[in-house]
Asks: 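Shown below is the structure under consideration.
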Amino acid sequence: MKRASIDIWVGIFVVLGVLALLFLSMRVGNLGGTKLQDPYSLQAHFDNIGGLKVRTPVKSAGVVVGRIESIALDPQNYQAVVSLNMDGRYRFPRDTFATINTSGLLGEQYIGLEPGGDEEVLAPGAEIRKTQSAVVLEKLISQFMFNTAEGGSSK
Amino acid sequence: MLDAVSCFLRAIGARLINAILRLGFAARFFCMVLALSGTSLKRFRLTLREIHFAGVLSLVIIVVSGLFVGMVLGLQGYETLVRSGSEEALGVLVALSLVRELGPVVAGLLFASRAGSAITAEIGLMKATEQLDAMDMMAVNPIARVVAPRFWGGVLSMPLLAALFSAMGIFGGYLVGVVLIGADEGSFWSQMQASVDFQEDILNGVIKSVVFGVAVSWIAVFEGYDCEPTAEGVSRATTRTVVTSSLAILGLDFVLTSLMFGS
């Protein structure tokens, strides 16, 4: 085979391979996803974080406004400490409520922020005071069962 | 009786010693190839020819089988997931299984049987027809001129082929799952993007394919260079390349998986 045609085919091959890699990292992975602009961090304590993982999105009104940077256990009070990496464009009032929600019945969990009415906003590094733990389905079911059992015996 | 036993033991011992000898030579050969790689970088056209030989000519089989593997994954994954009512996770299933495991492994197996065997046969035939000896006589080092470019051609082609395989597979899964069956397109992509991590999944998949590329290319050039210089010897070396590199890929895959994903 002639030199030029070998060059062309190798060139096409390399371009295809690099395109496939780009497709994998941008479209399949979350590399090209939401880029956070000049991020700042926030802290939040939860009693139970359920199935939350690092890099899980933080949403407010359904819009991704940040991602979870790290998860650790506070050795003092045995609560989960979640540090959030927030988009610098969005600031939240100091009485913002952080809840752990599930998208759909079996979907993945995320942190939802519901802004309060405070005038002052959370400074970088501040802690979100008001939090609600993840809903553990088993607890909910057992509570419901106990309630029905008690209701039945009192009749 | 005693004679037969000692003969049997001697045969086992000879096989073992031979295997260890070959392993030692293979390791020395690997170092020689690395040390003599300067020519294949300086005269990059030699390597380019081998990328064409190993990579471009494997393109059709990789793309077609990637597409079909992805289509089967889409179909089977949908059938299984729809029973528990979680068919939104189809994208995650297809993407993770391709990027982490099937892409590098199946592309590596195809690469070993398509390109690895061809490399072994080519080098073995050059040895059988005494072309390698003739080069040596002309003060051209056959390892630098013939072996190293083929090795690097294989090593450079393999990650690109594995990435193409995974990308085509995901496209095939999309084609069957979303276009044909009608799973929700939005959740197919968004759940995939939410749970496929760049470093954890994609980069580890690429590292796997690089390791497989090195292993397959090394085995292929070694078997070719080491083969008996007869027609039968070349055919046996070609078979050995496919068998050994397939086993090497599967064994290495287990080791790499437990290193990368086992906690």
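Protein chains get the first letters and strands the later ones, always in sequence-line order, with residue 1 at the start of each. Atoms considered below: every heavy atom in the structure, side chains included; atoms not considered: hydrogens, waters and symmetry mates.
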Asks: Quick one: which of A:Thr56, A:Ile12, A:Leu16 has the most heavy-atom pairs under 4.5 Å with chain B, could you say?
Replies: A:Leu16

Asks: Without swapping roles, check the side chain of B:Thr120 against the backbone of B:Ala220 for a donor-acceptor pair under 3.5 Å.
Replies: yes

Asks: Check whether B:Leu164 gets within reach of chain A through its side chain, its backbone, both or neither, counting any heavy atom under 4.5 Å.
Replies: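 It is both, since atoms from each part get that close.
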
Asks: Can you tell which of B:Arg45, B:Arg49, B:Met192, B:Glu200 has the highest number of heavy-atom pairs within less than 4.5 Å of chain A?
Replies: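 That would be B:Arg45.
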
Asks: Measure from the side-chain N and O atoms of A:Thr131 to the backbone N and O of A:Phe46, and report whether any donor-acceptor pair falls under 3.5 Å.
Replies: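 No; zero donor-acceptor contacts below 3.5 Å.
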
Asks: Less than 6.0 angstrom from the centroid, inside 45 degrees of the normal: does A:Lys59 satisfy that with respect to the ring of A:Tyr110?
Replies: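 Judged by the rule, A:Lys59 and A:Tyr110 form a cation-pi pair.
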
Asks: Which bit of B:Val63 comes within less than 4.5 Å of chain A, counting heavy atoms only: side chain, backbone, both or neither?
Replies: neither

Asks: Using non-hydrogen atoms and a 4.5 Å limit, figure out which bit of B:Ser157 sits close to chain A: side chain, backbone, both or neither.
Replies: both

Asks: Report the relative orientation of the aromatic rings in A:Phe23 and B:Trp189; use parallel for angles under 30°, tilted for 30 to 60°, perpendicular for over 60°.
Replies: perpendicular

Asks: Sort B:Leu59 into side chain, backbone, both or neither according to what part of it lies under 4.5 angstrom from a heavy atom of chain A.
Replies: side chain

Asks: Rounded to the nearest 0.5 Å, how far does CG of B:Leu96 lie from CG of B:Asp201?
Replies: 5.0 Å

